[in-house]
Amino acid sequence: MYITLNIKGFFMKTTRRQFIKISSMGVGGLALAATPILNWVPSFLKKDNDIPDDSKAKRYPTYCEICFWKCAGWTYTKNVDGKEKIWKIIGNNDDQHSSGRFCPRGTGGVGMYEDEDRLKHPLIREKDEDGNQYFRKATWDEAITVIADKLKNVAQKYSPNCVAMFSHGSGGKFWGNVLKAYGTNSISAPSYAQCRGPREVGFIATFGKGIGSPEPTDIRNTKCLVLIGSHIGENMHNGQVQEMSQAIDNGATIITVDPRFSTAASKSDFWLPIKPATDLALLLTWINVIIEEELYDKEYVEKYTYGFEQIKEHVKNNTPEWAYGITGLKPDLIRKTARAMGNASPAVIVHPGRHVTWYGDDTQRLRAVAILNAILGSWGRRGGFYQPEGIKLKSMPHPAYPKISHTWRDATPGKFKLADLALASGICDATIPSPDRDCSYKAWIINGTNLITTLPDRKNTIAALQNLELVVVIDTMPAEITGYADVVLPECTYLERYDMLRTSKHREPSIALRMPAAKPKYDSKPGWEMAKMLAEKLGLGAYVPYNDITELLDWQLKQIGSSLDEMQKIGVKKIDREYNDLYFLNGEEHEFSTNTGKIELYSTALVEEGFDAMPKYTAHPEPQPGFYRLNYGRAPMHTFGRTVNNPHLNDLMDENVLWVNPKIAQLEDLSAGQEVWLKNQDDVISSFPIKVRITERIRQDMVYMVHGFGRQDDRLSRSYGKGASDSELITHIMHDKIMGGTGMRGNFVKFITENPHPSDKPLTRKVNII
Amino acid sequence: MRYAMAIDTKKCVGCSDCVVACQTENNIPIGYSRDWITETVEGTYPGLHLQIRSERCNHCEDTPCVRTCPTGASHVIEGGIVKVTPEECIGCGSCIEACPYDARYVHPEGWVDKCTFCDHRINNGQDPACVSVCPTTCMYFGDLDDPNSEVSRITAVRRIKVLAAEAGTKPQIFYLV
């Protein structure tokens, strides 16, 4: 079987293809008479070969906002008709996140600035005489006044604690400051309970320390990289993609566990096409083989770990033969891969992944990943996990924040004590009034996250929204969530603003500056300025002790011997490590922040909270006949739904497709490119159809799509109704009892080939703009 | 001087960064591109092989596109780079027909456009935009006449293949397989 799939034709817009079809009618008169001649313009109008010289072009430092990796680079401008216009974005060579090379999303970041569908003016929800709701274009002062008045009202009627914030992205820091000053700490991000939370909790329980971002995986020095449900290369976490490439050059062994033949699987020495939902069985078996065959790092285990005998006893029945019946993976393959890890130890990484909220036992699955790394001795070792270091910048002095009587933990009373950050889903649930709760949330400030698609169980989110007295949405683009806002504040893009300095930890501490390369388009503003306006309206101006953010940045930089002036020239500054401990030194004593001070293979913290000390495999539900497990993932050119309308990135992939195994396509009588609707186990039907991609790269018991498509806001002219939304079909949640994560991979779908919707334009937007 | 490119299929993840970087660098209108990604899948589950390739003009040594051009707009410059002079191009499309790689398109302004190996960057000592942006560093660019260039060294030690070898145009894009 040999299939060539031209991505240009399959994913990308076909403009170019269509033209070629016309010209292929012949080289003679017909082609000459076709469009080229009609479009021909005199040469003096041609400007497209006019490309400036990099060394002469103006450039401004920035760090990318298209995803959380935050690569630092330069925004170049060029002179077009006498005006400086944003031209391109190139990585900063001194930046550890990007090494001077941006990913497609970062390179295409200019499209975020150019997108003509951007939010352009502050909007306020109004009601006409007949009770119809609509958005009215407002001035900034009007919009901020409405927010301030409602917040004062909520504080008076209930408590400032009843205001919650959801955030993704840099602007959140400014809003968080104002809200803490106002009197709430319910500041959450869906990137925790909907994404990486279980990983943090699982690693904290084991090593006393979470993973954080960027992940401190020493991939470039590893001898063996194990990916389990992590599709590096399709997720474009820049530094990791770059380092995986270096690992390939260095001849590292790559092992990928994925039910789908992912890009990473295709680069691997070993691909383990596991049956979905059985990963924990494989992990326990690997632990078993590594212990039984004495492939573990004995010295490290003895010196640093607690509970080795218990884990040895615990996994003694988890043999490769036991796992075969569960995972479908041949015992020989499980042994071979365990040996590959053992041979590479300690320069081995069993990657913790990032989006790990799958089946509800995720913290325990990530505990197994942590235990595996611990016995292989990879934590704190070259080629394993390095110990990152960052720099903490001082804040300008301001009054102390008021004390909070009701914290985010009270949203889930008595539960999820091991969660180290607020749960976005928990706050959402605690917004729906319930007799067993004394306070429900009354206002949401939503910064840069489309909660309708980032939180699972859309019905529940919409129900929560109906109970709020104030919903504020701050974003650059319209989205499903903006339709539910009372006030919409248009933020300018990262290319048009300053933000706080980037201080993320890495091999070396560093700071990066973001500064504008152009003035804010339309009537948009940077987050710091909006937050400052609100602070002042609330009488909290003392918490924002600067007139312009440049004063703050310069002040912070001067505390560490730099200045805004210097950073504007260099963009990124590396700082010497305070501690010489990138890797554990040989035989060095090390105190871990766990109850025992050791790496806990047997978790005392989990036992204290009434959970299993060591992970156990439990079987998860499987698809009923005629249903297929819905799996979802990433495409390298998109960040969730944030980029699907970006003209450059939409041009690379303008809709998602549904991966279906050829045998299933035959069984279900589906043809390549056919549009299907999906119906899940709870009878929820996708709003839009999705095209079938028949491919051998997927198992027969599942289907797969890239997350972020099927957008329902028709103000998104390029992405509205293109492809299907996986999140719409994720209505069954498998909750993580330990930390409250929302497992999303227990949803099953069947195909519908006839349009099930009475009207072909299902609009969910609540209000129109006039 | 003989410019060439080697692309390591063992490293390329098909992220399309080369496509966007080319678009922004060279002001290619949305909906058009000088380079693109192709993937080839062989086998049946679970015995599969996937090859991902970044493709573009092969800057062939033997150039049917130049031979067929009625106005002389398509031409070869120093280093074997195949270029089109927009002012001389009438957009007839003969070169598009002649190209075995489907590497040319008609720009909305009426002339035929294609990869230039970013000669404006090469002249400044830089790599083409696609090469310098690639996060996986899977692309190598340089002078094949110089045995010490990166492209000469890597093509000397790795197994290589060219696309549509049967067309006999002596392409200068080499895929490391």
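Quick note on labels: first sequence line is chain A, next is B, and so on, each numbered from 1.
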- Message: Counting heavy-atom pairs closer than 4.5 Å to chain B, which one of A:Leu649, A:Asp249, A:Asn238 comes out on top?
- Response: A:Asp249
- Query: Do B:Asn124 and A:Asp54 have side-chain N/O donor and acceptor atoms under 3.5 Å apart?
  - Reply: no
- Task: Go through the atoms of B:Cys138 and report whether side chain, backbone, both or neither lie under 4.5 Å from a heavy atom of chain A.
- Result: neither
- Message: Heavy-atom pairs under 4.5 Å with chain A: which of B:Glu55, B:Glu25, B:Lys10 has the most?
- Response: B:Glu25
- Query: Is it the side chain or the backbone of B:Thr9 that comes within 4.5 Å of chain A heavy atoms, both, or neither?
  - Reply: backbone
- Item | Region of A:Arg697 that comes under 4.5 Å of a non-hydrogen atom in chain B | both
- Note on the structure: Residue from B:Pro135, B:Ser132, B:Cys18 scoring the most non-hydrogen pairs under 4.5 Å with chain A is B:Pro135
- Given a strict heavy-atom distance threshold of 4.5 Å, which part of B:Gln51 is in contact with chain A: side chain, backbone, both, or neither? neither
- Message: Centre-to-centre under 6.0 Å for A:Tyr113 and A:Trp87, is that the case here?
- Response: no
- Message: As an exercise: rank B:Thr24, B:Thr137, B:Leu48 by heavy-atom pairs under 4.5 Å with chain A and give me the winner.
- Response: B:Leu48
- Taking all heavy atoms of A:Ser99 and all of A:Gln242, pick out the closest pair and write down the distance. CB-OE1, 3.4 Å
- A:Asp258 and A:Thr256: side chain donor to acceptor below 3.5 Å: no
- Query: Honestly, is B:Lys161 close enough over B:Tyr175, meaning NZ or CZ under 6.0 Å from the six-membered ring centre and within 45° of the axis?
  - Reply: no
- Where does A:Lys663 contact chain B at under 4.5 Å (heavy atoms): side chain, backbone, both or neither? neither
- So, A:Phe261 versus B:Tyr45, ring centres under 6.0 angstrom or not? no
- Query: Is the CD atom of A:Gln700 crowded by more than 12 outside heavy atoms at less than 6.0 Å?
  - Reply: yes
- Query: What part of A:Ile698 is in contact with chain B, defined as an atom under 4.5 angstrom from a non-hydrogen atom: side chain, backbone, both or neither?
  - Reply: backbone
